[in-house]
Amino acid sequence: MGVCPENALVVQSDCSVLLELHSQRADEAREAIAPFAELVKSPEHVHTYRLTPLSIWNARAAGLAADEMVAALHEHARYPVPENVDQTLLDLARRFGRVVITPENGLLRCTCGDEFIAELLSRDRKAGKYLADRIDDRSFRVDPGYRGMLKQALVSAGYPAEDLAGYVSGDALDVSLRDRTISGTPFSVREYQRQAVESFYASGSARGGSGVIVLPCGAGKTIVGLAAMEMVSQTTLVLTTSLTSVNQWRREICDKTSLLPDEIAEYTGEQKNTGPVTLTTYQILTWRSDRESDFPHLELFRARSWGLTFYDEVHLLPAPVFRATANLQARRRLGLTATLVREDNREGDVFALIGPKRFDVPWRDLERQNWIASATCVEERIPMTQERRMEYALANRRAQFRIAAENPAKMDRLGQLLEQHEEGRVLIIGEYIAQIDAIAREIGAPLVTG
């Protein structure tokens, strides 16, 4: 293929993909690559994506074929796609599903696609210790207690497992969605929300029942959770980020399902009860009296025979909960989030322990359908004074970030923006507490911190 100047993508040999926003086909290109490419940075003119093993494996788990990914790159590339990119993408895509975990006589069987993969994994430093009991040239017998740890190790080794070992049932829960809310307002699950739940559950087959649903803010992830609760109809544990979220889940469950208030328990700092549906926070689960002690509240995972566990805002899941989740692979798990990107780079553990991405929908699609509010994003760059620029130039990388972030000239522009939006509802977010504390004092606004 020759040069196509109207196309928006520049595919580079290091597997990064540049999207020129001013191209007439930019929106088409973004929608084409978003399912299998990870957005790295998004300044005002050119966005940078990267093809990573996890981005490609998540796409494969969601049903996107390798050939479709390659075709999308070629269709929207301005210049010829480097050959090595095609080969890398196809190789990574083919690795998904080359290792399969299935049940066998109360144990697990890990089967590799060929003898080479089996030998490679048996010698791997992490995966090899779980694959010592060999059945034949391609298969290993595995203790079910190592199911999560093996899956983590296989992701690290570059051969993510397709886990078909199935799930044990929790206690039954009689729950159904209402067709009207408590106030009498008609209620129904939107089509994309229903598709998300069906993608997660996969009609109850071994291929479904664990994974992550990615939906933009305001798209109704809690409703997806309620619909999944109805579909599974088993005791449910909901892990959230805060007491505010606990209260939101309680309101939504009471308002939109047949469950009664006394069937919904809270396990928080204020009360520690369990029930058919139990709501808790990551903070209480990861509390301990000192750094040397265990996490006593992680016992909640074993307090009942849970049939379904929700991980709300799964990109914020703390490390101790990952460790507990590694032992819960026989239970259905659903992660809900607006982004799979984590600050600690543990996206691989989300993939291995919660499950792959089962469904997502671009926020632009929901915006066009009027399901979420339209957003206008504007980036402004505020120059520094000559003295501050010199201070910036002489500082180390970490100090440079703070010097730029706390540029005093921002206050003048902030004042102008507040005057322009005098009647609006304004939220100011800053990186450093000292900075936002100074802003709060300057404009007389309330301050919210951790």
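We're numbering straight along the sequence, starting at 1.
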List the atom of G275, the atom of W306, and the distance in Å for their closest heavy-atom pair. O-CZ3, 3.7 Å
If we only count heavy atoms from C-beta on, is the Y167 to L308 side-chain gap below 4.5 Å? no
Rounded to the nearest 0.5 Å, how far apart are CD of E20 and CZ of R78? 4.5 Å
L353 to F322 - nearest heavy-atom pair and separation: CD1-O, 3.5 Å
Would you say the side-chain atoms of T257 pair up with the backbone N or O of V175, donor to acceptor, closer than 3.5 Å? no
State which residue, out of L73, T88, L92, I33, fulfils the side chain to side chain contact (heavy atoms under 4.5 Å, CB included) condition with L51. L73
Lys/Arg N to Asp/Glu carboxylate O, D365 vs R368, below 4.0 Å: yes
CD (E252) and OG (S245) are apart, to the nearest 0.5 Å, by 11.5 Å
So, do V277 and M229 sit near enough that their side-chain heavy atoms are less than 4.5 Å apart? yes
Testing the 3.5 Å rule here: is there a donor-acceptor pair between the side chains of H315 and T339? no
Quick check: do K272 and I284 have side-chain heavy atoms less than 4.5 Å from each other? yes
Measuring from I264:CD1 to W249:CH2, what's the distance to the nearest 0.5 Å? 11.0 Å
Note: L21 and A26 closest approach over all heavy atoms is O-CB, 3.6 Å
Does the side chain of S210 come under 3.5 Å of the side chain of R331 through a donor N or O and an acceptor N or O? no
Report yes if the side chains of V350 and L317 come closer than 4.5 Å at any heavy-atom pair, otherwise no. no
Please answer whether the main-chain N or O of S188 pairs with a side-chain N or O of Q193 as donor and acceptor at a distance below 3.5 Å. no
Reference residue R109; test salt bridge (charged side-chain N to carboxylate O under 4.0 Å, His left out); the match among D163, D133, D143, D136: D136
Keeping R60 on the side-chain end and R94 on the backbone end, is there a donor-acceptor pair under 3.5 Å? no
Could you check V17 against L19 for side chain to side chain contact (heavy atoms under 4.5 Å, CB included), going step by step and ending with a plain yes or no? CA-CA 7 Å; V17 181; L19 170 67; 5.9 Å; no
Minimum-distance pair of heavy atoms, taken over all atoms of Q435 and G430: OE1-CA, 4.4 Å
Would you find a donor on one side and an acceptor on the other, under 3.5 Å apart, between the side chain of T240 and the backbone of D312? no
Note, L215 side chain near Y192 side chain (heavy atom, < 4.5 Å): yes
Quick one, I223 and K256 - any side-chain contact, counting heavy atoms below 4.5 Å? yes
I'd like to know if the side chain of S258 reaches the main chain of S176, judged simply by a donor and an acceptor atom lying under 3.5 Å from each other, with no hydrogens or angles considered. yes
Is a donor on one side and an acceptor on the other found under 3.5 Å between the side chain of N58 and the backbone of K357? yes
Plane angle bin for F351 and F96 - parallel if under 30°, tilted between 30 and 60°, otherwise perpendicular: perpendicular
Just checking N396: does its CG atom have more than 12 heavy atoms from other residues, nucleotides or ligands closer to it than 6.0 angstrom? yes
About how many Å separate CG of L243 and CD of E266, when rounded to the nearest 0.5 Å? 7.5 Å
Hey, is R25 close enough to E75 for a salt bridge, meaning N to O under 4.0 Å? yes
In terms of ring plane angle, is the pair F401 and Y432 parallel, tilted or perpendicular, where the classes change at 30° and 60°? perpendicular
Do E230 and R178 sit within salt-bridge range, that is, some charged N less than 4.0 Å from a carboxylate O? no
Exceeds 12 heavy-atom contacts within 6.0 angstrom, atom CD of E83: no
Heavy-atom closest pair, residues F310 and G225: CZ-O, 3.0 Å
Donor-acceptor contact below 3.5 Å, side chain D91 vs main chain Q87: no
Sidechain-backbone polar pair: D294 side chain, P296 backbone, donor-acceptor under 3.5 Å: no
Neighbour count >12 (heavy atoms, 6.0 Å) for atom OH, Y146: no
L64 CG to M69 CE distance, which is reported to the nearest 0.5 Å: 4.5 Å
If we only count heavy atoms from C-beta on, is the R147 to V142 side-chain gap below 4.5 Å? no
Thinking salt bridges, do R194 and E191 make one under a 4.0 Å N-O criterion? no
Within a 6.0 Å radius of atom CZ on R134, are there more than 12 heavy atoms belonging to other residues, nucleotides or ligands? yes
Does the side chain to side chain contact (heavy atoms under 4.5 Å, CB included) test come out yes or no for E431 and R402, once each step is laid out? CA-CA 9 Å; E431 180 75 14; R402 182 153 195 162; over 6 Å; no
Y311 side chain to T325 side chain, donor-acceptor N/O pair below 3.5 angstrom: yes
E270 atom CD, neighbour heavy-atom count above 12 within 6.0 Å: no
Shortest non-hydrogen contact between A227 and V197, atoms and distance: CB-CG2, 3.6 Å
Side-chain heavy-atom pair Y282, P320 within 4.5 angstrom cut-off: no
Report yes or no: does T337 contribute a side-chain atom to a donor-acceptor pair with the main-chain N or O of L340 at less than 3.5 Å? no
Value rounded to 0.5 Å, distance of OG1 in T111 from CD in E162: 12.0 Å
Would D137 and D114 count as a side chain to side chain contact (heavy atoms under 4.5 Å, CB included) here? Give the steps. CA-CA 8 Å; D137 289 342; D114 55 46; over 6 Å; no
Please check if the side chain of R342 supplies one atom and the backbone of G348 the other of a donor-acceptor pair under 3.5 Å. no
Evaluate the side chain to side chain contact (heavy atoms under 4.5 Å, CB included) criterion for residues Y201 and R332: first the C-alpha distance (whole Å), next the side-chain angles of each, then the deciding distance (0.1 Å), finally the verdict. CA-CA 9 Å; Y201 192 66; R332 288 184 174 85; 3.6 Å; yes
So for atom CD1, which belongs to I433, do other residues, nucleotides or ligands contribute more than 12 heavy atoms lying within a distance under 6.0 Å? no
Check the surroundings of atom CD in E6: do more than 12 heavy atoms from other residues, nucleotides or ligands lie under 6.0 Å from it? yes
